[in-house]
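The structure under discussion appears below in the form of structure tokens.
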Amino acid sequence: MAFKQSLEQIDPNTAEAIDLERERQESTLGMIASENHVSKAVLEAQGSVLTNKYAEGYPGGRYYGGCQHVDTVEELAIDRAKELFGVDHANVQPHSGTQANMGVYFSVLEPGDKILSLSLSHGGHLSHGHNVNFSGQLYDVEQYEVDPETGYIDYDELESHASEFDPDIIVSGSSAYPREFEYERIGDIADTVDAYHLADIAHVTGLVAADVHESPVEHAEFVTGSTHKTIRAGRGGIIMCEEEYADAIDSAVFPGAQGGPLMHNVAGKTAGFAEAQTAEFEEHAEQVVANAKRLADVFHERGLSLVSDGTDKHLLLIDLRESYPDLTGKEAEALLSDVGIIVNKNTVPGETRSPMVTSGIRIGTPSLTTRGFEEAEMETVADLIVDVLDDPDDEDVDDRVDSRVNELCEEFPIYG
Ligand SMILES: *Cc1c(COP(=O)(O)O)cnc(C)c1O
């Protein structure tokens, strides 16, 4: 009976692709700042029979019968999120970080209302009002930028921009800004112009949970996050807010923006949040940041130029224009990929190339830290990266780096 056969038996092509992907993850150094490896427990929760269950509504108030056990799971996720982040209210149903932002916009904005957010090419995110995304199409968006000299957000410019534009909401948070945001300052600016402050902590959800990155909770009405990045709780999103916005947020997510929740993913969040409450996770998060700082040190020693000169968190952005004027982000990504180091090309402030080419690469430490890498390994990896970028046509260098990458992967297996 087909129903009881394995994936391998029913669909060997897909089974093989999954196996190859597992092998790819084990045998390369994943340094994409938004990615991570989830634990076996999270994989188990996400691959569970909860995928079968419809649970429109919220715990205790569902539109379907048979929800007693998924209620338990969702209540656990909510309680753990409230504890981890010190918030009044958490909604764990958003399918992704983008849907979490959608939930916030739908809760307090009308189409045509004004959003002030960080420009995409300066580190922002599509869901902060880019014109190819619903957020840019439904709302009137203006953007703030980083100071091209320092690479830090220009808060004075942000302040005068806000008083001129008079936004309904100011969005903080980023995908590629290596520094912490001054949440208090942005919250104050939002107050002066009578705007909401949405702090999108997608990238740093795990760092905030572990207290190694400042929490915006005191300074923002809304905090959104991704659950698959630094917090390692499986793919999904989360919204947190003050009690007075709880009902507006819940109805904006369901039925406003989404249908039934992905209960297997909610279970992933429940499991991941349990791990995030341990002392082990706190140490892990500290190591993520220490590893990124060590990478930055070695890059500095070897003469590379970094946006904002370094990092406060889990990622850094190499600006290739000074050290390697002829090398594009796209080419650097391909060169590193050829030796098993996976990064992504990224625009840099003052970008002159297209977003498909770029002049930068973004490098993150969460996945390698999850594998067990510490400062000593990060020094090795940083040197390997610079060796490849310094000599893009030298096959001996490539061979040497490639075999060193393999050794590191074998020494630090992900799932064993
Ligand atoms: C990753 C990210 C998101 C969410 O992206 P999804 O792919 O929709 O989960 C939202 N905001 C920022 C700043 C991000 O970096």
Side-chain angles (χ1 to χ4, degrees), residues 30-36 38 42 46 91-106 115-130 132-136 139 141 143-146 153 169-181 183 186 197-209 213-216 220 222-240 252-253 257-258 261-262 265-266 268-269 272 288 292 307 311-317 343-347 355 360 362-367:
M31 302 192 80
I32 292 179
S34 49
E35 291 184 358
N36 212 332
V38 299
V42 172
Q46 287 201 318
N91 184 309
V92 296
Q93 290 193 8
H95 300 334
S96 76
T98 297
Q99 270 57 52
N101 289 336
M102 180 184 263
V104 172
Y105 301 147
F106 283 8
I115 297 176
L116 181 61
S117 59
L118 180 63
S119 150
L120 184 67
S121 64
H122 288 234
H125 190 255
L126 289 169
S127 64
H128 295 179
H130 197 278
V132 298
N133 181 264
F134 81 93
S135 56
Y139 306 107
V141 182
Q143 302 206 289
Y144 56 93
E145 299 192 336
V146 302
I153 285 165
I169 196 165
I170 299 180
V171 183
S172 63
S174 68
S175 303
Y177 180 62
R179 297 296 176 175
E180 291 204 22
F181 277 75
Y183 295 120
I186 296 183
H197 176 199
L198 160 58
D200 176 353
I201 60 168
H203 260 261
V204 293
T205 311
L207 305 184
V208 171
H213 182 290
E214 194 204 341
S215 166
F222 305 101
V223 177
T224 53
S226 295
T227 53
H228 46 276
K229 297 180 183 175
T230 45
I231 201 162
R232 294 194 309 206
R235 202 150 285 278
I238 183 170
I239 304 175
M240 294 167 282
V253 173
Q258 296 187 169
L262 311 176
N265 278 16
V266 173
K269 295 170 195 180
V288 166
V307 172
T311 182
D312 296 330
K313 44 198 192 192
H314 63 296
L315 68 85
L316 34 93
L317 195 53
V343 303
N344 65 278
K345 61 180 175 292
N346 210 100
T347 51
R362 188 184 66 164
I363 302 194
T365 54
S367 301

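The figures that follow rest on heavy atoms only: side chains count, while hydrogens, waters and symmetry mates do not. Note that ligands are numbered from 1 as they come in the structure, with each ligand's atoms numbered from 1 the same way.
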Given 3.5 Å as the limit, does a donor-acceptor pair link the side chain of [X] with the main chain of [Y], or not?
X: S367; Y: M31; result: no
X: T224; Y: I239; result: no
X: Q258; Y: Q93; result: yes
X: S215; Y: V208; result: no

### Message
What I want to know is whether A202 and ligand 1 share at least one N or O pair that is separated by under 3.5 angstrom.
### Response
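N/O-N/O distance below 3.5 Å does not exist for this pair.
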
### Short N or O distance, Q99 and ligand 1, threshold 3.5 Å exclusive
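For ligand 1, there is no N or O atom that lies under 3.5 Å from one belonging to Q99.
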
### Query
Where is the nearest protein heavy atom to atom 9 (O) of ligand 1: which residue, which atom, and how far?
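Nearest neighbour among protein heavy atoms for atom 9 (O) of ligand 1, to 0.1 Å: G97 N, 2.9 Å.
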
### Nearest-neighbour protein heavy atom for atom 8 (O) of ligand 1, which is reported as residue plus atom name and distance
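Protein heavy atom at minimum distance: T98 OG1, 2.7 Å.
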
### Query
Going by distance alone, is a donor N or O of one side chain under 3.5 Å from an acceptor N or O of the other, for D200 and H125?
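There is no such pair (donor and acceptor under 3.5 Å, judged by atom type) between the side chains of D200 and H125.
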
Interfacing atoms of ligand 1 (cut-off 4.0 Å, heavy-atom, [X]):
X: H203; answer: 15 (O)
X: H228; answer: 9 (O)
X: S175; answer: 12 (C), 13 (C), 14 (C), 15 (O)

### Query
Considering all protein heavy atoms, does one lie under 4.0 Å from atom 5 (O) of ligand 1?
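It does: a protein heavy atom is found less than 4.0 Å away from atom 5 (O) of ligand 1.
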
How does [X] reach ligand 1, if at all, at less than 4.0 Å between non-hydrogen atoms: by side chain, backbone, both, or neither?
X: S174; value: backbone
X: S226; value: side chain
X: D200; value: side chain

#### Entry: Selected option - heavy-atom contact closest to atom 1 (C) of ligand 1, from H125, K229, R235
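Heavy atom nearest to atom 1 (C) of ligand 1 belongs to K229.
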
### Query
How are the rings of F134 and Y139 set relative to one another: parallel (under 30°), tilted (30 to 60°) or perpendicular (over 60°)?
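The arrangement is perpendicular - the two ring planes meet at more than 60°.
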
### Task
For Y183 and A199, work out which heavy atoms get closest and say how close.
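That closest heavy-atom pairing would be CE2-CB, 4.1 Å.
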
### Option passing side chain to side chain donor-acceptor pair (under 3.5 Å) with N265 (candidates R235, Q46, H95)
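The passing option is Q46.
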
